[in-house]
Amino acid sequence: KRIFYFCLAFISILMGSAIYILFRPTTLLMFHWFYSMGLMRSIINLRNEMNGFNRSLPSWFIYSLPFALYVISYLFFIKGIWWNSTSLVRHVWFWCIPIVAVGSELGQSFYFIPGYFDMTDLITILLGTAFVVLITEHPKPNKREIA
């Protein structure tokens, strides 16, 4: 199961990154880096292949889901690292990013933190965190209960 969590972490970060690369505006700083590395031609070709597909995607998929996938990736990664640990510190590591992400989003709504509050961002972060908690913390059936 530990390897499974690492795999889910890796898949989540790849999915979030792919959404950014394929569907987000090319004015983002990362595209300047890709240009400097000589990768823009390949990226533009991939984006052109997805051109018809991206019009059917909802905006939350393009603009809110990637960050939620990064949070999910972090949570699965932490679960893999702290596998079978009973330390209280593991909970601190697990919850720090979701709390900061939610707090940052709420801080934007009250103008404590620069940026624009987006309810969809908040919902995707909360749902992503709940998803990981459900996957990793579900009660394990007792062998006697199965028989």
Side-chain angles (χ1 to χ4, degrees), residues 1-37 39-40 42-43 46-47 49-50 53-147:
K1 227 176 189 180
R2 184 178 201 177
I3 299 295
F4 179 65
Y5 290 158
F6 284 125
C7 289
L8 289 175
F10 185 70
I11 289 167
S12 297
I13 203 156
L14 279 180
M15 287 173 52
S17 299
I19 292 168
Y20 256 84
I21 291 168
L22 295 174
F23 305 116
R24 294 295 290 263
T26 55
T27 54
L28 295 173
L29 180 59
M30 66 181 203
F31 289 101
H32 297 286
W33 300 336
F34 294 150
Y35 180 80
S36 298
M37 293 185 282
L39 298 172
M40 272 313 283
S42 298
I43 289 171
L46 283 171
R47 290 172 67 93
E49 290 293 322
M50 299 301 229
F53 185 65
N54 69 354
R55 291 182 206 150
S56 63
L57 295 173
S59 63
W60 67 266
F61 184 93
I62 296 170
Y63 295 102
S64 297
L65 183 59
F67 186 71
L69 286 168
Y70 299 150
V71 171
I72 289 169
S73 176
Y74 169 83
L75 294 173
F76 278 127
F77 189 67
I78 292 300
K79 281 293 186 179
I81 289 172
W82 288 88
W83 179 253
N84 282 339
S85 170
T86 57
S87 171
L88 185 60
V89 176
R90 77 181 174 105
H91 294 292
V92 172
W93 278 104
F94 183 84
W95 288 106
C96 70
I97 292 300
I99 288 170
V100 167
V102 168
S104 172
E105 203 59 45
L106 292 174
Q108 290 173 8
S109 72
F110 295 108
Y111 307 105
F112 294 141
I113 295 177
Y116 299 100
F117 171 75
D118 187 336
M119 182 61 81
T120 307
D121 288 351
L122 182 62
I123 290 169
T124 56
I125 293 164
L126 291 171
L127 287 175
T129 301
F131 169 74
V132 174
V133 169
L134 286 173
I135 296 288
T136 62
E137 299 297 326
H138 67 290
K140 288 136 183 89
N142 188 333
K143 289 185 181 181
R144 290 182 182 169
E145 292 175 4
I146 295 173

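The first residue of the sequence shown is numbered 1, and numbering continues consecutively from there.
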Measuring from [X]:[atom1] to [Y]:[atom2], what's the distance to the nearest 0.5 Å?
X: Asp121; Y: Phe67; atom1: CG; atom2: CZ; answer: 8.5 Å
X: Trp83; Y: Arg90; atom1: CH2; atom2: CZ; answer: 10.5 Å
X: Ile125; Y: Leu69; atom1: CD1; atom2: CG; answer: 11.5 Å
X: Leu28; Y: Ile21; atom1: CG; atom2: CD1; answer: 11.0 Å
X: Lys79; Y: Glu137; atom1: NZ; atom2: CD; answer: 3.5 Å
X: Leu75; Y: Leu8; atom1: CG; atom2: CG; answer: 11.5 Å

Applying side-chain contact (heavy atoms from CB on, under 4.5 Å) to Trp93 and Ser87, what does each step give before you reach the verdict?
CA-CA 11 Å; Trp93 278 104; Ser87 171; over 6 Å; no

Is there side-chain contact between [X] and [Y], with at least one heavy-atom pair below 4.5 Å?
X: Tyr70; Y: Ile97; value: no
X: Val133; Y: Phe94; value: yes
X: Ile19; Y: Phe61; value: yes
X: Thr136; Y: Phe76; value: yes
X: Thr120; Y: Tyr63; value: no
X: Phe110; Y: Phe117; value: no

Shortest non-hydrogen contact between [X] and [Y], atoms and distance:
X: Gly16; Y: Pro66; answer: O-CB, 3.8 Å
X: Thr26; Y: Met40; answer: CG2-CE, 4.5 Å
X: Asp118; Y: Ser64; answer: OD2-OG, 4.2 Å
X: Arg47; Y: Phe31; answer: NH1-CZ, 3.6 Å

Please walk me through it: do Ile81 and Phe6 pass side-chain contact (heavy atoms from CB on, under 4.5 Å)?
CA-CA 9 Å; Ile81 289 172; Phe6 284 125; 4.1 Å; yes

Sequence-distant partners of Tyr20, side-chain hydrogen bond (donor to acceptor under 3.5 Å, both in side chains), two or more places apart:
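So Tyr20 forms a side-chain hydrogen bond (donor to acceptor under 3.5 Å, both in side chains) with Arg24.
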
Got more than 12 heavy atoms from elsewhere within 6.0 Å of CH2, Trp82?
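Yes, because the 6.0 Å sphere around CH2 of Trp82 holds more than 12 heavy atoms from other groups.
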
Phe131 atom CZ: more than 12 heavy-atom contacts under 6.0 Å:
no

Show me the pairs that pass side chain to side chain donor-acceptor pair (under 3.5 Å) and involve residues 95-117, at least two apart or across chains.
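Sorted pair list comes back empty.
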
May I ask you to check whether Phe77 and Tyr5 place their ring centres under 6.0 Å from each other?
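Between Phe77 and Tyr5, which both carry aromatic rings, the centre distance is not below 6.0 Å.
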
